[in-house]
Engineer: 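Take a look at the following structure, please.
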There are 2 protein chains.
Amino acid sequence: MNTVFKALADPTRRKVLELLRQHPMSAGELSDHFPVSRPTMSAHFAVLREADLIEANKIGTSVIYQLKLSVLEDALLGFTQLFGIGAGERKETREGADE
Amino acid sequence: MNTVFKALADPTRRKVLELLRQHPMSAGELSDHFPVSRPTMSAHFAVLREADLIEANKIGTSVIYQLKLSVLEDALLGFTQLFGIGAGERKETREGADE
DNA sequence: TCGATATTTAGCTAAATATCTAAATTAGAG
DNA sequence: CTCTAATTTAGATATTTAGCTAAATATCGA
């Protein structure tokens with residue numbers, strides 16, 4: 001969960017997730033949306049993979065990244081519920097999800 | 001919003017917010033919950049203040065910190081809604097809340 | 001005013017992070 | 001087998017961050 005928040009701390013990575021929300025995309029296609037080099041983007045992907053927020057699938061010479069929405073969901077909802085913020089009822093509605 | 005996510009990236013700061021969820025607390029009282037020095041905690045408070053996540057009120061020689069839940073709420077819900085995660089219906093349910 | 005207490009500021013170090021270019025890797029096309 | 005394209009790894013640098021100690025600031029009580 002700490003890795004998830006660390007990953008979300010960077011605007012580039014948050015936007016990568018937003019792009020991936022639409023549909024899976026190759027590393028190159030994702031990179032085209034940002035003004036930084038490919039290696040830099042690759043490093044961002046690594047952080048997102050480390051946080052288990054995205055999944056990589058190699059197809060030919062391309063790597064297709066896909067959002068793992070459930071992981072993002074768990075982290076974010078878990079945290080919001082901690083504060084009694086919105087979200088609330090979903091799945092098993094874990095009440096005592098403290099620390 | 002970027003400052004909010006940056007602030008949330010650190011576990012100490014997240015826990016400060018959780019402690020503050022219960023009730024306002026002085027800098028010293030908050031510090032007692034962590035194994036780091038007062039100045040270090042003070043720096044964390046500064047980051048949280050910068051993100052507008054907490055509010056400081058001086059009472060005598062103490063500084064009482066208070067959680068600004070609405071700011072946390074806006075950031076978190078705004079982001080979760082971006083992904084169609086849980087939360088959903090709240091306030092005006094801003095659809096095009098991008099970037 | 002003096003001394004004690006609470007908090008922040010200054011100044012520093014070590015580690016982490018974001019970025020780059022160049023090189024390595026991998027897979028497909030001819 | 002060789003060339004090309006896509007991506008990642010290596011290695012370097014600059015910036016940011018989290019932490020510390022010591023000192024400054026502010027307020028209260030005697």
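Note that this is a predicted model, so its numbers are computed, not measured. Note on naming: letters A, B, ... go to the chains in the order of the sequence lines (proteins, then strands), and numbering restarts at 1 for each one.
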Engineer: Within less than 4.0 Å of OP1 or OP2 of D:dT7, is there a side-chain N or O belonging to A:Ser31?
Structural biologist: no

Engineer: In whole Å, I'd like the distance from the CZ atom of A:Phe34 to the C1' atom of C:dA18.
Structural biologist: 14 Å

Engineer: Give the rounded distance in Å between these two atoms: CG of A:Asn57 and C1' of D:dT8.
Structural biologist: 17 Å

Engineer: Looking only at side-chain N and O atoms, does B:Ser62 come under 4.0 Å of OP1 or OP2 in C:dA6?
Structural biologist: no

Engineer: Strictly below 4.0 Å: does A:Ser42 bring a side-chain N or O up to OP1 or OP2 of D:dT7?
Structural biologist: no

Engineer: Please report the distance, rounded to the nearest Å, between CG in B:Asp32 and P in C:dT7.
Structural biologist: 9 Å

Engineer: Please report the closest heavy-atom contact between B:Lys6 and B:Arg13, naming both atoms and the distance.
Structural biologist: O-NH2, 3.3 Å

Engineer: What's the closest nucleotide to the side chain of A:Val36 if the choices are C:dT8, C:dT19, C:dT7?
Structural biologist: C:dT19

Engineer: From CD1 of B:Ile64 over to P of D:dT27, roughly how many Å is that when rounded to an integer?
Structural biologist: 14 Å

Engineer: How close or far is atom P of D:dT7 from atom CG of A:Leu30, stated in whole angstroms?
Structural biologist: 9 Å

Engineer: Quick one, A:Phe79 and A:Leu77 - any side-chain contact, counting heavy atoms below 4.5 Å?
Structural biologist: no

Engineer: Figure out the CE/P separation between B:Met41 and C:dA6, and round it to whole Å.
Structural biologist: 16 Å

Engineer: Between B:His44 and D:dG19, is there a contact of a side-chain N or O with OP1 or OP2 at under 4.0 Å?
Structural biologist: yes

Engineer: Rounded to the nearest angstrom, tell me the gap between atom CZ in B:Phe45 and atom P in C:dA6.
Structural biologist: 14 Å

Engineer: Of A:Val47 and A:Thr61, whose nearest nucleotide on DNA chain C comes first from the 5' end?
Structural biologist: A:Val47

Engineer: Identify which one of A:Val63, A:Ile64, A:Thr61 satisfies the side-chain contact (heavy atoms from CB on, under 4.5 Å) criterion when paired with A:Ser26.
Structural biologist: A:Ile64

Engineer: Closest approach to the side chain of A:Pro39, judged atom by atom: which nucleotide of C:dT8, D:dT9, C:dA18 is it?
Structural biologist: D:dT9

Engineer: Across the strands shown, which category fits B:Thr12 at heavy-atom distances under 4.0 angstrom: base, sugar-phosphate, nothing?
Structural biologist: nothing

Engineer: Would you say C:dT8 has OP1 or OP2 under 4.0 Å from some side-chain N or O of B:Tyr65?
Structural biologist: yes

Engineer: Could you tell me how far apart B:Phe5 (CZ) and D:dT16 (P) are, to the nearest whole angstrom?
Structural biologist: 21 Å

Engineer: Would you say D:dA5 has OP1 or OP2 under 4.0 Å from some side-chain N or O of A:Arg38?
Structural biologist: no

Engineer: Work out which heavy atom in B:Arg21 is nearest to a heavy atom in A:Leu82; give both atom names and the distance.
Structural biologist: NH1-O, 2.7 Å

Engineer: Are the charged groups of A:Asp74 and A:Lys68 less than 4.0 angstrom apart, N to O?
Structural biologist: no

Engineer: Between C:dT26, D:dA22, D:dA10, which nucleotide gets closest to the side-chain atoms of A:Lys58?
Structural biologist: C:dT26

